[in-house]
Amino acid sequence: MTLAAQLLDWYYKNARDLPWRKDTDAYKIWVSEIMLQQTRVEAVKGYYKRWMERFPTPEILAQASEQEVLHYWQGLGYYSRARNLLTGVKEVCAVYNGKVPADEAVIQSLPGVGEYTAGAIASIAYNRPAPAIDGNVLRIFSRLFCLREDIARQTTKREVRRLVQRHIPGQCPGDFNQALMDLGAAVCIPLRPRCQLCPLTNLCKAYELDIQDTLPVRAPKKQPLLVVLAAGLILYNGHYLVRQRPETGLLAGMWEFPAVELTDEQAAASELKETLWQECRQQVNVGTRQYHYIHTFSHRKWDIAFYECQWLSGEALPERTAWLSADELSTVPWAGPHHKVAVALAVRET
DNA sequence: AACGCGGGGAC
DNA sequence: GTCCCAGCGTT
């Protein structure tokens, strides 16, 4: 038996029942693959179902606003995925008549679609024998063939790609690729792989040498930078002062309560008061601290405190700034921990 | 090649 | 607490 045959036998007995495996519509595969980038299956399921109820076709998604799309993505992370998906779907509607292209290179030309995602869509939706090298595949093949190089290196990825290319079956490449995902998720897991359950142990060099726990090799990542923030909760005439983050960078386009980065945590009140005047043109007195969160991103750690403020006076609001009623707080996409506060304030109002 | 970009589940 | 996930785009 070949590697593919052994793997597929296992897959057809153990495949997960996932919402995006009901059919092979290329748009649905596309959406699922984007949502699954750096994101676990369990986290995606609910978002995928809600998305497909609201945006069942490329044409419907293409007509949606970026704000609504971000709202549906709120909490899933990596929000450029949502904007790129919207941009890409518009391109598919305008250039490809609403039909996702079948050629791998053309698929990869869409924004947000890289080598992995293009291979996944081409193989699953169009039965093309394209490799789809993700973290699972890198881990599985580094163990199967005892690759001791850092899997983040380009040379390692090229080597894995060559190996996958050699083993991918012409008949059902999509099943083969998805089988690797399921194997990586359930059996060939990062820590303490469950080799007793694995259909490929007879081919696995790491298993033969009993070094599966030492693979794959991955360079350690540095710890996130601490950022201390103070945010203002300004309630005036039944409305809260909020603003939209810049179009680029962290949490781009998401909404937040006006905040300032602190160099001196003791100066929170004065810094916040100054920022609210400079950036929002509102005069306030900073009151007591109401909420406090530690929120860790991949490369930043926010220590953010929310202060109740007393509104005194103000000029016209700058761009990307607004007064929102408690009811309206649930209508915008929120930036990270600001969402928790928005929910708490909306509840408090009722 | 290195970095920016989120959030949460498993241990 | 740590790890890392069905990665991509920019620099």
Side-chain angles (χ1 to χ4, degrees), chain A residues 15-16 18-21 28-48 70 73-85 87-88 107-125 130-140 149-157 164 174 176-186 188-194 213 216 218-225 227 245-246 248-254 293-302 333-340:
Chain A
R16 289 174 289 182
L18 301 173
W20 46 89
R21 286 182 178 172
K28 296 180 187 171
I29 302 302
W30 182 10
V31 171
S32 71
E33 290 301 337
I34 299 299
M35 285 187 172
L36 286 160
Q37 289 170 2
Q38 292 292 286
T39 311
R40 294 172 189 281
V41 164
E42 285 309 314
V44 168
K45 285 180 179 174
Y47 284 89
Y48 176 84
L70 282 176
W73 208 273
Q74 173 184 291
L76 198 53
Y78 287 147
Y79 299 94
S80 65
R81 295 185 293 178
R83 316 159 171 287
N84 284 334
L85 181 54
T87 305
I107 299 172
Q108 197 176 329
S109 75
L110 296 167
V113 178
E115 200 171 64
Y116 161 76
T117 305
I121 296 172
S123 64
I124 298 171
I133 314 297
D134 72 331
N136 289 302
V137 178
L138 288 170
R139 184 171 60 253
I140 292 168
E149 290 292 310
D150 184 348
I151 58 172
R153 290 171 60 92
Q154 236 6 269
T155 54
T156 313
K157 290 180 181 173
V164 172
F176 177 80
N177 285 336
Q178 294 186 88
L180 287 172
M181 309 302 166
D182 283 17
L183 189 74
C188 199
I189 53 181
L191 247 47
R192 310 272 304 259
R194 300 165 177 155
D213 287 301
R218 184 195 297 272
K221 54 190 67 172
K222 56 181 190 181
Q223 67 176 30
L225 184 72
V227 176
R245 293 175 62 83
T248 59
L250 183 64
L251 299 163
M254 311 289 281
Y293 297 102
I294 305 295
H295 188 88
T296 305
F297 303 93
S298 50
H299 62 302
R300 289 276 187 283
K301 179 147 86 171
W302 278 8
W334 287 99
H338 291 265
H339 178 56
K340 295 174 183 170

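The sequence lines fix the lettering, A, B, ..., with proteins before strands; numbering per chain opens at 1. Here the structure is a predicted model, which is why all the values come from computation and not from measurement.
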Choose from C/dC4, C/dA6, C/dC8 the nucleotide whose nearest atom is closest to any side-chain atom of A/Pro190. C/dC4
Between the side chains of A/Gln178 and A/Arg16, is a donor N or O closer than 3.5 angstrom to an acceptor N or O? no
Nearest to the A/Arg40 side chain among B/dG9, C/dC8, C/dA6, which nucleotide is it? B/dG9
From the set C/dA6, B/dG6, C/dC5, return the single nucleotide nearest to any side-chain atom of A/Leu250. B/dG6
Of all the choices, B/dC5, B/dA1, C/dG7, which nucleotide is nearest to the side chain of A/Thr117 once you look at every atom? C/dG7
By nearest atom, which of the nucleotides B/dG7, C/dC4, C/dA6 is closest to the A/Met181 side chain? C/dA6
Give the nucleotide from the list C/dG7, B/dG6, C/dC4 with an atom nearest to the side chain of A/Gln37. C/dG7
Same-atom distance (P) from B/dG6 to C/dT10, integer angstrom: 15 Å
Calculate the interatomic distance between A/Ile151 atom CD1 and B/dA1 atom P; express it in whole Å. 14 Å
Consider the side chain of A/Arg194, meaning its heavy atoms from C-beta on, and name the nucleotide among C/dC4, B/dC11, B/dG7 that approaches it most closely. B/dC11
When you measure from the side chain of A/Tyr79, which nucleotide among C/dC5, C/dA6, B/dG7 comes out closest? B/dG7
Using the P atom in both, what is the distance from C/dA6 to B/dC11, to the nearest Å? 14 Å
Which whole number of Å gives the distance between the P atom of C/dC4 and that of B/dC5? 22 Å
Looking only at the side chain of A/Arg21 (C-beta and beyond, no hydrogens), which of the listed nucleotides C/dA6, B/dA1, B/dC5 gets closest? C/dA6
Start at the 5' end of DNA chain C and walk down; is the nucleotide closest to A/Arg16 or to A/Asn84 reached first? A/Arg16
C/dG9 base to A/Ser80 side chain: any donor-acceptor pair below 3.5 Å? no
Residue pair A/Trp302, A/Tyr293: steps toward the ring-ring contact (aromatic ring centres under 6.0 Å, His included) verdict: CA-CA 8 Å; A/Trp302 278 8; A/Tyr293 297 102; over 10 Å; no
Looking at A/Leu76 and A/Tyr47, what are the two nearest heavy atoms and their distance? N-OH, 3.5 Å
